[in-house]
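This report refers to the structure that appears directly beneath it.
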Amino acid sequence: MAFPEGFLWGGATAANQYEGGWNEGGKGPSGADMMTNGTHTMPRQITRTWEDGLFYPNHKASDFYHRHAEDIALMGEMGFKVFRMSINWTRIFPTGTEEEPNEEGLAFYDRVFDELRSQGIEPLVTISHYELPFALTEKYNGWASRELIDLYVRYCETIFTRYKDKVKYWLTFNEINCGTLPLGNFMGLGILNEGTCDFANQVDDPQLRYQALHHMFVASARAVQLGHSINPAFKIGCMIAFMTNYPYSCNPKDVIACQEKNDEANYYCGDVQVRGAYPHFAQSIWKKYGVELQMMDGDLEELKRGTVDFYSFSYYMSNAVATGSDVEESAGNLLGGAKNPYLKASDWGWQIDPDGLRYTLKELYGRYQVPLMVVENGLGAFDAVDEDGAIHDQYRIDYLRDHIAAMEQAIEDGVDLMGYTMWGCIDLVSASTGEMGKRYGFVYVDADDYSQGTFDRSRKDSFYWYKKVIASNGEDLD
Ligand code: BG6
């Protein structure tokens, strides 16, 4: 049997895309609450106030805030061993700067963790998943300011202390490396430069972005040390959006361009968080963008002391890197690239590549030699409900089966893989487009792109399939 005993099978969500209840229970607005709906051809707008005539899909999201008991029961029915979720920072500190946390927010997550425990499900908590208090964007331009380190650490101390006996697995920042891309300014770093109006075309200043990343690295390192001091049994990981790239051809120019893209977008952040030091190629990245990083005494030592216990990542697709201009382009999770003639793509243009997951797992384990976890993977697709209310999502089963088989091969190749949480296990709002119609779930949520619907939950065919996969510990993939 390839999958080890105790393998953590489950699903993943993020509060801002799933929870809703955006202004209930004392919660303050987060960055995600300021983003309108969009499509893959019409970018989401970012507004500093809520404008009439615009729609903000994260406000209600999938309404987990009111339906957590029902949803967790469905996860229990599938046999989940783990549920990846995030804590909405603004439920705990509505503007990020309060001295005292919001008790109503803390109590909500107590209920969620207790329900998970009663179903035998281990929570895996992302501390910050694209939901920075919007007040911190307004006051400090997000992580561009060093002030955020202490505010984040206070938030961590509050939740580590409160949930020390309820949560063991933590991730400090979701997809921290989206901060290496201009697209990551607002969602990842909380930076909203003057002139930015939409998600796809943000006014970018690499100096601010790389400085913000430095602050996040220091904050993450402090959180890891603090967490271990509060409960030595905590396992605290990093989370990287892994954007697997292949050279488009064997032209050495393509190979070098691909290596450089990987260094910058994929390895820069993980190297700091796992190895505790900036990689050798950091200097050339800073030089390329004219970045002069400001560090304080002790920062580099802090990074060394606060390395993570495991490496987690999202994997959806792969891209190719070409230096020539005569290649077709392809879309992607955060980053596009050249179209790979050997791969098919989803309706959103993301190229489907299970072999790429095996390749990525081997690359990562070879590089870091720490336990790995795939904490996001899945297929965003349009689902149709037939007259009997059934949802036959064989395309999703096919996608997942091939990716699980790829993990199995990687384990046989010697990779230490802790678990797998399929993204958007219950339908939720897409991060990049704000659509509900881009569905990932095993469970269908009856709501459209404008939060119209009953929000009733129904089991898709993939629900029953995944239940068998978990029950057989990955043996039965038919
Ligand atoms: C990851 C994010 O980038 O991809 C999630 O961590 C996101 O928040 C997921 O939802 C899928 O992307 P999208 O744009 O299809 O929602």
Side-chain angles (χ1 to χ4, degrees), residues 11-19 30-33 35-44 57-58 61-62 64 84-89 124-132 171-181 183-190 198-200 237-244 265-266 269 312-319 330-336 345-352 357 360 373-383 396 399-400 403 420-441 445 449:
T13 59
N16 77 87
Q17 293 166 255
Y18 178 51
E19 203 174 89
S30 73
D33 294 321
M35 287 175 76
T36 67
N37 61 330
T39 65
H40 67 309
T41 50
M42 184 190 81
R44 305 185 73 177
N58 300 64
S62 307
F64 176 72
R84 176 177 175 226
M85 53 175 276
S86 67
I87 291 183
N88 228 328
W89 187 337
L124 162 63
V125 172
T126 316
I127 298 168
S128 179
H129 188 137
Y130 299 157
E131 50 225 355
L132 187 79
L171 303 175
T172 53
F173 290 102
N174 181 64
E175 295 189 336
I176 189 168
N177 60 321
C178 86
T180 63
L181 307 167
L183 192 77
N185 269 297
F186 184 61
M187 226 167 53
L189 309 173
D198 75 54
F199 176 64
C238 62
M239 198 301 200
I240 305 291
F242 209 90
M243 299 170 262
T244 300
N266 284 323
C269 296
S312 82
F313 66 104
S314 58
Y315 177 88
Y316 291 92
M317 48 151 316
S318 70
N319 260 314
S330 128
N333 183 25
L334 308 179
L335 195 62
S346 77
D347 291 337
W348 279 261
W350 296 18
Q351 302 183 125
I352 300 171
L357 178 55
T360 301
M373 184 158 178
V374 178
V375 292
E376 287 187 31
N377 170 245
L379 180 71
F382 294 109
D383 289 330
R396 183 168 291 110
Y399 176 101
L400 296 172
H403 285 79
Y420 174 78
T421 54
M422 191 279 246
W423 175 251
C425 48
I426 295 185
D427 289 344
L428 41 65
V429 172
S430 156
S432 59
T433 68
E435 294 163 290
M436 192 65 168
K438 187 181 188 188
R439 296 175 185 276
Y440 285 88
V445 174
D449 291 343

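Everything numeric in this text was worked out from a predicted model, so none of it was measured. Quick note: residue numbers are just sequence positions, from 1. Values reported hereafter were calculated over all heavy atoms of this structure, with side chains retained and with hydrogens, waters and symmetry mates removed. Counting starts at 1 for both ligands and their atoms, following the listed order.
Ligand 1 has a nitrogen or oxygen under 3.5 angstrom from a nitrogen or oxygen of Tyr440. Taking any N or O of Ser432, backbone or side chain, at least one lies under 3.5 Å from an N or O belonging to ligand 1. Geometrically, ligand 1 and Ser314 share no nitrogen or oxygen pair separated by less than 3.5 Å.
Distance CG/Leu189 to CG/Leu132: 9.5 Å, rounded to 0.5 Å.
Atoms of ligand 1 lying under 4.0 Å from any heavy atom of Ser430, numbered from 1 in the order shown and given with element: 13 (P), 14 (O), 15 (O), 16 (O). Residue His129 has at least one heavy-atom neighbour below 4.0 Å for each of these atoms of ligand 1: 5 (C), 6 (O), 8 (O). Listed by number with element, the atoms of ligand 1 under 4.0 Å from a non-hydrogen atom of Tyr316 are 4 (O), 9 (C), 11 (C). Below 4.0 Å from some heavy atom of Asn174 lie the following atoms of ligand 1, by number and element: 6 (O).
Contact annotation: the side chain of Arg84 approaches that of Met239 to within less than 4.5 Å [non-hydrogen atoms, C-beta and beyond]. Contact annotation: the side chain of Ile176 never approaches that of Cys238 to less than 4.5 Å [non-hydrogen atoms, C-beta and beyond]. Side-chain contact between Val374 and Thr421 is absent, with no heavy-atom pair separated by less than 4.5 Å.
The residue from Asn58, Leu428, Val429 that alone fulfils the side chain to side chain contact (heavy atoms under 4.5 Å, CB included) condition with Asn16 is Asn58. The side-chain hydrogen bond (donor to acceptor under 3.5 Å, both in side chains) with Tyr316 is formed by just one residue from the set Glu376, Gln351, His403; it is Glu376.
Between the side chains of Tyr130 and Gln17, no donor N or O sits under 3.5 Å from an acceptor N or O.
The protein atom (non-hydrogen) at minimum distance from atom 6 (O) of ligand 1 is Glu376 OE2, 2.7 Å. Scanning the protein for heavy atoms near atom 12 (O) of ligand 1, the closest one is Trp350 CH2, 3.5 Å. The protein heavy-atom contact nearest to atom 16 (O) of ligand 1 is Ala431 N, 2.7 Å.
The heavy atom nearest to atom 3 (O) of ligand 1, out of those in Gln17, Lys438, Met243, Glu175, is found in Glu175.
The aromatic rings of Tyr18 and Phe64 lie parallel to each other, their planes meeting at an angle below 30°, with 60° marking the opposite boundary. Ring pair His129/Trp423 is parallel by interplanar angle, where below 30° counts as parallel and above 60° as perpendicular.
Contacts of Trp423 with ligand 1, taken as heavy-atom pairs under 4.0 Å, involve the side chain alone. Of all the heavy atoms of Tyr18, none lies under 4.0 Å from any atom of ligand 1, so neither backbone nor side chain is involved.
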